[in-house]
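Chain identifiers are assigned alphabetically (A, B, ...) following the order of the sequence lines, protein sequences preceding nucleic acid strands; residue numbering begins at 1 within each chain.
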Amino acid sequence: MSPVRVRFAPSPTGFFHIGSARTALFNWLYARHTGGTFILRIEDTDQARNSEQFLQLIYDSMTWLGMDWDEGPNANGVGERGGFGPYRQSQRGAIYQQYKQKLLDFGRAYEKDGAVWFKMLGERYSIFDDHRKKEVEKVKIAPVVIEDQIRGKVERQEDEDFVIFRSDGNPVFHFVNVVDDIEMKITHVIRGEDHLSNTSKHVRLYEGFGVAAPMFAHIPLILKSPEMGTGKMSKRDKGALIEEYQQRHFLPEALVNYIALLGWNPGDDREKMPITDIVKLFDLPGVNQSNAKFDGKKLNHMNMVYLLEQPADRFVALAKEYFAKQPNGAAIMANEAYFREIMLLAQPKIKSVDELGAYTVYFFTDDFLIDAKVKEKVMAKGDPKARLAELIAAIPVIDFSSDATIEAGIKTLAESKALGFGDYQAVARLAATGTNAGPSITAIFRVLGKDRVLVRLGQLC
RNA sequence: GCCCCUAUCGUCUAGCGGCUAGGACAGCGGCUUCUCAAGCCGUUAACCCGGGUUCGAUUCCCGGUGGGGGCACCA
């Protein structure tokens, strides 16, 4: 069998969303699994809706997700690579003209009302279509049979001529799609199920050109989660845009892992798995046939699991990227080692990078908010003011060199008053951080240092 | 309206004629703990309905119903 050549063919007419990303991913996975070629082709024939901004977004999103393409435009938008170009349909006009002429020469196309139509072969008859409210001409012809790699055998009647060039001279999607797939020697067309009904047209076109059709594989769609409503996930839905996850500093490998699992699984209970394993195990017959609903919570969980296991350097780098985009520059201005220490305290505790700001504010400013509800709760229990006073008195003699020595110091104090560590912890935390969530109080004390701790404890008294 | 695809816990799914129907997320309960998370343990929860085929159907076939998609001089 000839080497696999697959393509992802987006239109730069809107934001890059999760459904497109998965179609791209399944193509990419199949190419990498089989050692084939992954092609990026830009279907920018709709001049009215195309934009360079959206085009760049496609490159950026694919790159961010780690889906590298072997042929297609370069990610910086300058030039392209591969021997089957150009890879933007807007630059392939001459090829479409040639193919149109072929069909004309074969007697498989004709002009009518200024448009060019593809001609079905067979006995003709007219019938009134009450959906379209008009008389249509049909052809007696056997149904198209598609051997879909995911769906199995699909039969569909395709019995009407259809437009391949509009009267404005531009070719339509079905035509350019098939021509490009022929020219680029595509072996497997992996695309969303929304194209399944179009496939019969495409098969007829291949027949018209006298070319064998490629393999087809129609993957299920991603639907809205129940809270979002019903139907296909659309660009307007929350969580639908790849850009959004990038801006929220999700780990791309977590997102890729999650979307790979929407409609595919490795055949066992594994969920979190490195991309190399997914590449190894991915195959078309393993793809599900039914649509999947998007579940942001599960994606969040996947992201957290990945975050937890990031090496310190990578996590700190991610944190730095995050803080660099925050309006308040205090964290980014902070001492490198100080910043690193705080980020590593936060790493095991947060669920996503974008929690970092709120989770660590009090390390970078003395002007942090005191959570009113937490304050009310903490101050209502026992005699927190007394505990605070005792801590302030004890701290000058406590050894702040390590968490262990701080813990020992507070415990000694607690024992001397016949109290527990917990009696000091909550109020100390409130005073030092303004909240009830965070790393261990001993680590907070150590990182903040005696002076700042004393000031903060004093302020709450 | 016509055509096509599809159907297991709320969600993602395993199952490929005989299972106590398994896992994960979410939920709930507990343990641990200096808070909050995480972690660990436990727990609630599913084969859409009706006919066949079969000794036996979640599994195969048909019909219904539900869900999704397509029926353009959009892509």
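Contacts of A:N436 with the nucleic acid, taken as non-hydrogen atoms under 4.0 Å apart, include base atoms. As judged by a 4.0 angstrom heavy-atom cut-off over every strand, A:G231 is placed among residues touching the sugar-phosphate backbone only. Within the nucleic acid shown, A:Y258 has no heavy atom closer than 4.0 Å to any nucleic acid atom. A:E193 comes within contact range of at least one nucleobase, with a heavy-atom separation under 4.0 Å.
Comparing B:rA45 with B:rC34, their C1' atoms are spaced 36 Å from each other, to the whole Å.
The pair A:E137-A:K112 does not meet the salt-bridge criterion, since no charged nitrogen lies less than 4.0 angstrom from a carboxylate oxygen. The existence of a salt bridge linking A:D44 and A:R88 is confirmed by a sub-4.0 Å separation between a basic side-chain nitrogen and an acidic carboxylate oxygen.
A distance-only check finds no donor-acceptor pair linking the side chain of A:K119 to the backbone of A:L103 [under 3.5 Å].
As rounded to whole Å, 15 Å separates atom C1' of B:rA37 from atom CG of A:D354. When the P atom of B:rG23 is taken as reference, atom CG of A:L261 falls 17 Å away, rounded to whole Å. A:F173 places its CZ atom 13 Å from the P atom of B:rC74, with the value rounded to the nearest Å.
Classified by interplanar angle (parallel below 30°, tilted 30° to 60°, perpendicular above 60°), the ring pair A:F282/A:F26 is tilted.
Taking 4.0 angstrom as the limit, A:T435 places none of its side-chain polar atoms (N or O) nearer than this to OP1 or OP2 of B:rU35.
Judged by atom type and distance alone, A:T442 reaches the base of B:rC34 through a side-chain donor-acceptor pair under 3.5 Å.
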